[in-house]
Structure formats: structure tokens, C-alpha cells
Amino acid sequence: MNKLVLVVMDGVGKSKTGIGDAVTMANTPTLDKLLAECPHTYVKAHGRAVGLPSDDDMGNSEVGHNALGCGQVYSQGAKLVEEAIESGDIFNSAAWQELKNSCVANGSTMHFIGLLSDGNVHSNIGHLLALIRQAKADGIKKVRAHILLDGRDVPATSALTYVDMLEEAIAQLNDNTFDAKIASGGGRMKITMDRYFANWEMVKSGFYTHVFGVGRGFATAREAIETFRQETPNIIDQDLPAFVIKEDGKPVGAMADGDSVILFNFRGDRAIELSMAFDNAEFDGFDRGEMPQVKYAGMLQYDGDLHLPKRFLVEPPQIKHTLSEKLVELGVKSYAVSETQKYGHVTYFWNGNRSEKFDDNLEVWEEVPSDKVSFDERPWMKSAEVTDKVIAAIESGEYEFIRCNYPNGDMVGHTGSLDATIIGVEAVDLALARLLPVIKREGYTLIVTADHGNADEMLEKNKKGELAVRTAHSLNVVPFIVYNADCEIADGEFGLSNVAATVAKLMGFEAHSSWDASIVK
């Protein structure tokens, strides 16, 4: 069997406009050489190609690695939730019925926590509005919304658009039988939405803001956002501090015994830690204080192996027949590595939302701890250390399939710093330069691709026609390159789900019958 290394250059796409294109602006002699001399094409990494509702929906690292690892397109995230709302299944779920019945029986409050935007990467405001409307229809008297501000999957300073949308919907619903209010909030990169256990203090800050109403008080969410912007010019939404809505000096949405709480985000990585804080009796991530007794549910079950959370509104996709399963079946030993920020993507998401390995002996996973700094301060991140690990794995002769993720294009791209992102892309190119001679010498084939775009579109024109910072993923195609193999690119359009069969073709084994066709012939 042939040996293969697969490199995911996270967030590196092909720009259509050239505006703020850090990929092209960067000095990338290795990537340029590969594109000039090797079989290559560009593949879709967003929208329907990765199971999202429409081609207007940005891809993300989670659905991207699902598609890469399973070779098929499954309904994902927003599409799953939309289908459940349209069918009514979400409101017939055991979790909704339990939480709703508790609120009605006890006259208690239903709390909704989540990212307030229509980015369709972690959440969609439309789902929140549907939940609030149903809460009223089901006889719940009191609803409180705890809103996390985006500015990452949507324009960087668009928070008030979504706040106004929510406030307008609430105003139309409120009457003498129903009382809905925004209760708390803050930027998604300041509170609540940490991932991979990188910063428990961030989760604790959000927990105390949402649960106890601890934080700086304002009369409205609009007042909070406008005040923060005046105090810190050029601050973007994801970095806004925590705030609490207060009336007569008291928080309007502090939680109490008997309340119900729903996290309406559908994406798992930044939902797991908050879910642990609410759901795990033996939780030790931080001191939860005198936490009230509440019933908690997630939009989805964010980790099926950990059964987290125990209650959830929408069943996740049942991903089967992954590439990892096939390799284990064939007795192939594999190795996966990335730094903390994308470690879960080359393991959990790659294996079809599965925390555990299919085989402890045949699958080796290694995490390189990420630096706990803003990524624009160290845009090279841990690319050198990840490369060290990949080279060691190649030279060991122990593994026939090796995969890694370089997060730079995505994580630095999300900071909005064009200059830093250029450096991040260059760091990945340097990593490739180190890998090529080792791959050639040891007789491996190399695939270089990406899970979605980001660094390729760091600027955009706003409604006034002015250039503005863009921190969101792009809708651009991503490169797919084969190095050190005698092959040709097949005819047709391809997406990330075609990669698994391509790995099979290049390694010399038969693809699973459910997988999408190989990109090479």
C-alpha cells in the first residue's frame, strides 16, 4: 500500500476579487511551485458541498473536516435545525417538551443563550426567533435571551443589526401574557465561547454574566454596544466586553431554581465547555458558585461519545463509513496532529463527530498546545512544531497515512489583521517547504488542501462602497494539490467530500461504495 500525507491549510482559499487577499499577497514560493508543477484543481468547501442549506452559507472547519473524513455530504448544522423546525420535530423532542413543561408548571423562565447573527456557522438568529415564538405558543410566560455578539462570521461591526431584529420581534410578541427581554451579552471571543479547553476564565466570565447577572449594567443591549464602541474606538463585535441588562439596579435575567436553559448554537466546538458547566455534576473547570438548579439542553448533542449535553433538541447526523474506519478495517496505521485550536478537527470531526478512536492501536493522535495569545501577535502559531511532529512521523516509518492541520490562515485571519495573516500564510508555506524533501525521500504522496477560505478575503466593501475589515470565512474554492504521485485530475466539479476516495485511489485501496468519486483518475 502506498503511503500518504494530507495537509489541511486551514482557511486558505482562492480569491475571486483580489480584495484583501493575504494568500496572494504573501510570499509563498512553495505553494506557487506546487501549483505550477503538480496535478491540482480547486474544490468547493462551502454551502451544499458540505451539507449546508445553500451556497450562500460559508463553510467552516467542522463541516469541512466532516466532509474530508467521511467522503460524503451530510445535512449539517443549520440545515439540520431548519429541517427540524420546518417539520416540527424540534418542538416534539423530549428535551423541548421536558423544559417547556417545567416552565409552564412552575411559572419559571426559559433562557436562550447563543450567538446572535445569521452567519450560519455557529447559529442563526432565525432559529432563536422560532424558539421564542414557540415558547409563547406553548404557554411559557417569561423568556430571557443571553446574546453573544459575532463580528466574525458576519461583518465585524454588525451587532446592532441583529440586536434590533431581536428587539423588534420581542416587541411584537410581548403582551400581558408574555414577557421576553434581552438579559445579557458580550463578544464571542471575550466570554462563553471558548473551545478545546484553552481558556476556562472566558467560559467562567460568560457563565457568571448569564447565570448570575454579574457584570456592568446597562438599560439596553444597544446602549451597551454603543458605549463600548465609544470607549474603545475600532473595537469589533467579537471583542466587546460582557454586559448585563438591569432595571432598578437589578439584572433582568438572573437565573433561578426551576428555570430552563437552551444553548441555541448548533456547532459543537464552542458549545462543549458551557454545556459541561451546566450539565456535569462533577464539573471542576471553575467554581460555579451557588448555581441555581436549572434544566439545560443544547440545540444539538455536541459530543455523542461524552453524551454532552444529556438533553438536546435536534438529532445530529449519523456519520458512518468514515475514512478512518476504512483504514482501521485494512489494518492501516494512521497519525493525526495539529495544535490545540484545530486538534479536534483532525480527530473528533474527521472521525465523524466521534471523540474516541476506532482503534487505539492503529490511530495515534497528538496535540501541540496553542499559545494563549491573540493570534495576530504570533501569526506563525505552532506551525514549526506541527511540522516537526509530521516529519518525525514520516521518518519513523510507522504510519501509512498521516494528516495535519495548520490553523494559521483561519485563526490569524479571524483577527482581521491583514499584515499578520500574510505572515501566517507564509509560515504555512515554510512548513510545506520543510515537508517536501522528506516526503520525496521517504516515498510518500502528499495532498495539500484546505477546509474553507478566510485568509483569501480579509477586506470587503461595505454598503457605502468603502473597504472594511472582514473576519469571516469566504465562499471561495480551496486548492487541492497532489505531489509525488503519477496521476491526473479527473473531469468534473468536486468538493471536500471527494477527498476520501482520492486518498483511497492514491494509496491503492478500494473506496467505500458510499463515498463521492475520486478527484484523480
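These numbers come from a predicted model, not from an experiment. Note that these values count all heavy atoms, side chains included, but never hydrogens, waters or copies made by symmetry.
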Intermediate values then yes/no, side-chain contact (heavy atoms from CB on, under 4.5 Å), His40 and Tyr483: CA-CA 9 Å; His40 71 277; Tyr483 170 77; over 6 Å; no
Derivation and outcome, side chain to side chain donor-acceptor pair (under 3.5 Å), residues Ser61 and Lys342: CA-CA 8 Å; Ser61 297; Lys342 299 293 179 176; 2.8 Å; yes
Full working for side-chain contact (heavy atoms from CB on, under 4.5 Å) between Val203 and Phe286: CA-CA 9 Å; Val203 185; Phe286 56 82; 3.9 Å; yes
Test log, rule side-chain contact (heavy atoms from CB on, under 4.5 Å), inputs Phe266 and Leu80: CA-CA 9 Å; Phe266 48 74; Leu80 270 180; over 6 Å; no
Verdict with reasoning, Leu330 to Met1, per side-chain contact (heavy atoms from CB on, under 4.5 Å): CA-CA 10 Å; Leu330 296 170; Met1 183 173 291; 4.1 Å; yes
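Looking only at side-chain heavy atoms (C-beta outward), Glu400 and Met507 come within less than 4.5 Å of each other. Val8 is not listed as a side-chain neighbour of Tyr406, based on a closest heavy-atom distance of 4.5 Å or more. Side-chain contact between Val438 and Glu395 is present, with at least one heavy-atom pair separated by less than 4.5 Å. The side-chain heavy atoms of Val12 and Val478, taken from C-beta on, include no pair separated by under 4.5 Å. Annotation: side chain of Thr157 is in contact with side chain of Arg229 (closest heavy-atom distance under 4.5 Å). Two residues are said to be in side-chain contact when any heavy atoms from C-beta on lie closer than 4.5 Å; Val314 and Met299 meet this criterion. Counting only heavy atoms from C-beta outward, the side chains of Ile319 and Asn353 approach each other to under 4.5 Å. Put simply, the side chain of Tyr302 reaches to within 4.5 Å of the side chain of Leu263, judged on heavy atoms.
A side-chain N or O of Ser184 and one of His146 form a donor-acceptor pair less than 3.5 Å apart. A side-chain donor from one of Glu325 and Thr322 sits under 3.5 Å from a side-chain acceptor of the other. No hydrogens or angles considered: nothing links the side chains of Asn454 and Ser474 as a donor-acceptor pair under 3.5 Å. Side chains of Asn476 and Asp456: a donor-acceptor N/O pair is present below 3.5 angstrom, by distance only. Side-chain N/O atoms of Glu367 and Ser338 include no donor and acceptor closer than 3.5 Å. For Asp150 and His122, the side-chain atoms include no donor-acceptor pair closer than 3.5 Å. If you check the side chains of Gln72 and Ser497, you find no donor sitting under 3.5 Å from an acceptor. A donor-acceptor contact closer than 3.5 angstrom links the side chains of Tyr162 and Asp118. Checked by atom type, the side-chain pair Gln238/Arg188 shows no donor-acceptor distance below 3.5 Å. A donor-acceptor contact closer than 3.5 angstrom is absent between the side chains of Asp153 and Asn120. Counting only N and O atoms by type, the side chains of His473 and Asp410 include a donor and acceptor under 3.5 Å apart.
With Asp57 contributing its side chain and Ser54 its backbone, the two residues share a donor-acceptor pair below 3.5 Å. Not a single donor-acceptor pair under 3.5 Å links the side chain of Asn498 to the backbone N or O of Ile519. Checking side-chain atoms of Glu457 against main-chain N and O of Thr17 turns up no donor-acceptor pair under 3.5 Å. A distance-only check finds no donor-acceptor pair linking the side chain of Tyr399 to the backbone of Val5 [under 3.5 Å]. Under a 3.5 Å cut-off, the side chain of Lys382 and the backbone N or O of Thr387 do not form any donor-acceptor pair. A donor-acceptor pair is defined here as one N or O able to donate and one able to accept, closer than 3.5 Å; no such pair exists between the side chain of Asp371 and the backbone of Val373. With hydrogens and angles disregarded, no donor-acceptor distance shorter than 3.5 Å links the side chain of Arg378 to the backbone of Trp380. Between the side chain of Arg267 and the backbone N or O of Ser123, no donor-acceptor pair lies under 3.5 Å. Judged by distance alone, the side chain of Ser417 and the main-chain N or O of Ala420 form a donor-acceptor pair under 3.5 Å. Under the 3.5 Å distance criterion, the side-chain polar atoms of His512 are left unmatched by any main-chain donor or acceptor of His321.
For NZ of Lys505, the number of neighbouring non-hydrogen atoms (other residues, nucleotides, ligands) closer than 6.0 Å is 12 at most. Within a 6.0 Å sphere centred on NZ of Lys320, heavy atoms belonging to other residues, nucleotides or ligands number 12 at most. More than 12 heavy atoms of other residues, nucleotides or ligands sit less than 6.0 Å from atom NZ of Lys333. Within a 6.0 Å radius of NZ in Lys389, no more than 12 heavy atoms belonging to other residues, nucleotides or ligands are found. Residue-environment remark: CD (Glu488) stays at or below the threshold of 12 foreign heavy atoms within 6.0 Å. Atom CZ of Arg434 sits in a crowded spot, with more than 12 heavy atoms from other residues, nucleotides or ligands closer than 6.0 Å.
Counting only residues at least two apart or in different chains, salt bridge (Lys or Arg N to Asp or Glu O under 4.0 Å) contacts with residues 27-48 comprise Lys33-Glu37, Lys44-Glu493, Arg48-Asp55.
Salt-bridge annotation for Lys190 and Asp239: absent, with no side-chain N of the basic residue lying under 4.0 Å from a carboxylate O of the acidic one. Salt bridge annotation for Arg270-Glu62: absent, with no cationic side-chain nitrogen under 4.0 angstrom from a carboxylate oxygen. Looking at Glu363 and Lys357, no side-chain N of the basic residue comes within less than 4.0 Å of a carboxylate O on the acidic one, giving no salt bridge.
Scanning all heavy atoms of the two residues, the minimum distance from Gly416 to Met458 falls at C-CE, 3.8 Å. Listed here is the closest heavy atom pair of Pro309 and Ser275: CD-OG, 4.3 Å.
Rounded to the nearest 0.5 Å, atoms CD1 (Ile402) and CG (Leu6) are 11.0 Å apart.
Aromatic ring pairs are classed by plane angle as parallel below 30°, tilted from 30° to 60° and perpendicular above 60°; the pair Trp365 and Tyr343 is perpendicular. Using cut-offs of 30° and 60° on the angle between ring planes, the pair Phe243 and Phe228 is tilted.
A ring-centre distance under 6.0 Å is not found for Phe401 and Tyr335.
When the side-chain contact (heavy atoms from CB on, under 4.5 Å) test is applied to Asp429, the partners found at least two apart in sequence or on another chain are Thr28, Pro29, Thr30, Leu31.
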